[in-house]
Peer 1: 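This is the structure, below, for whatever I ask next.
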Amino acid sequence: MTAFSYDALPGRVVFGAGVARTGLLHEVDLLGARRILLIASGSERELVDRLCASFADRVTATFSGVRPHVPVEVAEQARAAAADADLVLSVGGGSTTGTAKAVALTTNLPIIAVPTTYAGSEVTPVWGLTDHGRKTTGTDPRVLPRTVLYDPELTVSLPAELSVASGLNAMAHCVEAFWAPRRNPISSAVAAEGIRHLVAGLAPISDTPADIAARTDLLLGAYLAGSAFAVAGSGLHHKICHVLGGAFDLPHARTHAIVLPYVLAYNAPNAPAAADRISAALGQSDPIAGLRELGEKLGVPAGLRALGVSEADIVAVTDDIRAIAPADNPTPVTAAGVRAILHAAWAGTDPTRPTP
Ligand code: NAD
């Protein structure tokens, strides 16, 4: 790609072990905040009490009713809690960041985000809200956090299984960034570096979850993954997972981890340069086999059938996927092609071999 446009996203990032403990007050001061709405789920109470101790008098409201996928009623409650605030401080995973974004969407309040998982939402301008089980997403610069503090120490408590799932979800952001609609040389470079850090962090995490070097790699990889995704957008893989997740209520991160090698196998023949870069970043001669092996080592089930969904149901969403698939996917998104991906991903067949 030798001609491209690139809208760089603004935002300040502070990264390092311990920065949430040592740097949060400074970041609050930089934004001149005096009346802070703190958003953190109840389970993060002890952590946030410690982090906010030096400016507790400025935390004038707290909201702990965080729920996955930000139901509209949760967004309304959080917005009500923000009535007097001049800053939203969120400490938690993607669901907590998403709640802060819902507040910023209607109030235009600045956000300081302190992520505790590898979701990557904190560096994207994408919001999501759920109404009666239907999730709506949109893009708005008002929801992009003004400041992000990435502190690997805060992720040590994330259980190994959640760490793996969240890390592989970040891997999907990176791989997909190579063919997503708004890709450019910058997002591809960021994605390649993201893959390197995610591989380095994922390998040891199941055995040594408290390994701070691995946690640092994973969080840096997650930041890069979110940054690449924010610029490049969603490609075929994310569209497939979005449809499957919505139709069958499948676990988000595990669905991503299972499906990703099959979408890579589908696109690689028509995106050889992307496949080469993914391969180099993974440190594997075959990127499809490399991704599959990484998933196997980390305990990812071989096929979607392990998640309790039937093959007939899976294949029935073919048209829904085609309806939202990007027009410039490297391999044309035909009905037969989508069915082949779904069939193979359901059965868990070897993704490096063509589907019979
Ligand atoms: P999550 O925020 O729901 O957290 C998962 C669980 O982990 C929760 O029970 C939480 O309390 C717990 N947890 C979080 N951090 C912890 C820690 N350090 N130690 C122990 N437990 C911890 O899940 P998630 O995967 O971070 O986020 C998923 C959500 O984020 C989804 O709704 C997804 O759609 C959204 N998301 C949005 C974007 C975007 O750009 N808008 C990007 C990625 C994900």
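This structure is a prediction, so every number in the text was calculated from the model and none was measured. We count ligands from 1, going down the list as the structure has it; atoms in each ligand are counted the same way.
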Peer 1: In the hydrophobic clustering that connects Ile, Leu, Val, Met, Phe, Trp and Tyr at side-chain heavy-atom distances below 4.5 Å, which members other than Ile212 occupy its cluster, ordered by chain and number?
Peer 2: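 Val156, which link up through side-chain heavy atoms under 4.5 Å apart, make up the rest of the cluster.
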
Peer 1: Below 3.5 angstrom, do we get any N/O pair linking Thr116 and ligand 1?
Peer 2: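 There is such a contact, yes.
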
Peer 1: Would you mind reporting whether Tyr262 and Leu304 have side-chain heavy atoms less than 4.5 Å apart?
Peer 2: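 No, every pair of side-chain atoms sits at 4.5 Å or beyond.
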
Peer 1: So is there a nitrogen or oxygen of Pro159 less than 3.5 Å from a nitrogen or oxygen in ligand 1?
Peer 2: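 By distance alone, the answer is no.
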
Peer 1: Return the orientation label for the Phe229 and His238 ring planes: parallel under 30°, perpendicular over 60°, tilted otherwise.
Peer 2: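 Parallel, since the angle between the ring planes stays under 30°.
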
Peer 1: Establish whether atom 12 (C) of ligand 1 and some protein heavy atom are separated by less than 4.0 angstrom.
Peer 2: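 It does not: no protein heavy atom is found less than 4.0 Å away from atom 12 (C) of ligand 1.
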
Peer 1: Of all the non-hydrogen atoms in the protein, which one sits nearest to atom 24 (P) of ligand 1, and at what distance?
Peer 2: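 Atom 24 (P) of ligand 1 sits closest to the protein heavy atom Gly94 N, 3.5 Å.
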
Peer 1: Does ligand 1 come near enough to Leu158 that some N or O of the ligand is less than 3.5 Å from an N or O of the residue?
Peer 2: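 Yes, Leu158 has an N/O under 3.5 Å of an N/O on ligand 1.
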
Peer 1: Keeping the roles fixed (side chain from Arg182, backbone from Val231), state whether a donor-acceptor pair exists under 3.5 Å.
Peer 2: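 Yes; judged by distance alone, with no hydrogens or angles, the pair exists.
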
Peer 1: Where do Arg292 and Asp286 land on the salt bridge (Lys or Arg N to Asp or Glu O under 4.0 Å) test, with the steps shown first?
Peer 2: CA-CA 10 Å; Arg292 167 69 161 234; Asp286 180 340; over 6 Å; no

Peer 1: Is Thr155 reaching over with its side chain to a backbone N or O of Leu158, donor-acceptor style, under 3.5 angstrom?
Peer 2: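 No.
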
Peer 1: Looking at Met171, Glu293, Arg277, which one forms a side chain to side chain contact (heavy atoms under 4.5 Å, CB included) with Leu282?
Peer 2: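 So the option named by the test is Met171.
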
Peer 1: Could you check whether any heavy atom of Ser43 sits closer than 4.0 Å to an atom of ligand 1, since that is the contact criterion I want to use?
Peer 2: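 Per 4.0 Å heavy-atom rule, Ser43 contacts ligand 1.
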
Peer 1: So which atom in Thr60 and which in Arg34 form the shortest heavy-atom distance, rounded to 0.1 Å?
Peer 2: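 It is CG2-O, 4.4 Å.
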
Peer 1: Does atom 9 (O) of ligand 1 have a protein non-hydrogen atom under 4.0 Å from it?
Peer 2: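 Within 4.0 Å: no protein heavy atom nearby.
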
Peer 1: Can you check whether Val126's main-chain N or O pairs, donor with acceptor, with Lys101's side chain at less than 3.5 Å?
Peer 2: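 Yes; at least one donor-acceptor contact below 3.5 Å.
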
Peer 1: Provide the number and element of each atom of ligand 1 under 4.0 Å from a heavy atom of Gly93.
Peer 2: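 Per the distance check, 2 (O), 26 (O).
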
Peer 1: Heavy-atom distances under 4.0 Å decide this one: backbone, side chain, both or neither, for Leu154 against ligand 1?
Peer 2: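 The answer is the backbone.
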
Peer 1: Quick one: look at Thr124 and ligand 1, take heavy-atom pairs under 4.0 Å, and tell me if it's side chain, backbone, both or neither.
Peer 2: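 The side chain, only.
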
Peer 1: With the threshold set strictly below 4.0 angstrom, can you tell me whether any protein non-hydrogen atom sits that near atom 42 (C) of ligand 1?
Peer 2: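 So far as the 4.0 Å threshold goes, atom 42 (C) of ligand 1 is in reach of a protein heavy atom.
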
Peer 1: Going by distance only, is there an N or O of Lys135 that falls short of 3.5 Å from an N or O of ligand 1?
Peer 2: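 N/O-N/O distance below 3.5 Å exists for this pair.
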
Peer 1: Is it true that His237 and Glu176 share a donor-acceptor pair across their side chains at a distance under 3.5 Å?
Peer 2: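 On atom types as modelled, these side chains do not qualify, holding no pair under 3.5 Å.
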
Peer 1: Filter on side-chain hydrogen bond (donor to acceptor under 3.5 Å, both in side chains), then keep only pairs touching residues 158-170, sequence neighbours left out; what's left?
Peer 2: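 Found Ser163-Arg215, Asn169-His252.
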
Peer 1: Out of Ala165, Ala40, Ala119, whose heavy atom is nearest to atom 25 (O) of ligand 1?
Peer 2: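 The option holding the nearest heavy atom is Ala119.
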
Peer 1: May I ask you to identify the nearest protein heavy atom to atom 20 (C) of ligand 1, giving residue, atom name and distance to one decimal place in Å?
Peer 2: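 Going atom by atom, the protein heavy atom closest to atom 20 (C) of ligand 1 ends up being Ser157 O, 3.4 Å.
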
Peer 1: Please step through salt bridge (Lys or Arg N to Asp or Glu O under 4.0 Å) for the pair Asp86 and Arg58, ending with a clear verdict.
Peer 2: CA-CA 10 Å; Asp86 59 7; Arg58 288 196 244 169; over 6 Å; no

Peer 1: Report yes or no: does Thr107 contribute a side-chain atom to a donor-acceptor pair with the main-chain N or O of Val103 at less than 3.5 Å?
Peer 2: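 Flag set: sc Thr107 to bb Val103 pair under 3.5 Å.
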
Peer 1: Check whether any heavy atom of His252 sits under 4.0 Å from an atom of ligand 1.
Peer 2: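 His252: no contact with ligand 1 (<4.0 Å).
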
Peer 1: What protein heavy atom is closest to atom 32 (O) of ligand 1, reported as residue, atom name and distance in Å?
Peer 2: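 Protein heavy atom with the smallest distance to atom 32 (O) of ligand 1: His69 ND1, 3.0 Å.
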
Peer 1: How far is atom 6 (C) of ligand 1 from the closest protein heavy atom, and which atom is that?
Peer 2: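 Ranking protein heavy atoms by distance from atom 6 (C) of ligand 1, first comes Leu162 CD1, 4.0 Å.
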
Peer 1: For ligand 1, which is the ligand I care about here, please tell me if Trp127 has any N or O atom under 3.5 Å from one of the ligand's N or O atoms.
Peer 2: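 It does not: no N or O of Trp127 is found under 3.5 Å from an N or O of ligand 1.
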
Peer 1: I'd like to check which ligand 1 atoms, numbered from 1 as shown, lie under 4.0 Å from a non-hydrogen atom of Val126.
Peer 2: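 Taking each heavy atom of Val126 in turn, ligand 1 has 39 (C), 40 (O), 41 (N) under 4.0 Å.
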
Peer 1: What is the nearest protein non-hydrogen atom to atom 38 (C) of ligand 1, stated with its residue, atom name and distance?
Peer 2: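 Going atom by atom, the protein heavy atom closest to atom 38 (C) of ligand 1 ends up being Ser121 CB, 3.4 Å.
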
Peer 1: Which option out of Thr117, Val123, Thr155 puts a heavy atom nearest to atom 14 (C) of ligand 1?
Peer 2: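 The residue whose heavy atom sits nearest atom 14 (C) of ligand 1 is Thr117.
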
Peer 1: Just going by heavy-atom distances, which of Gly42, Pro115, Ser95 is nearest to atom 2 (O) of ligand 1?
Peer 2: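 Closest candidate by heavy-atom distance is Ser95.
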
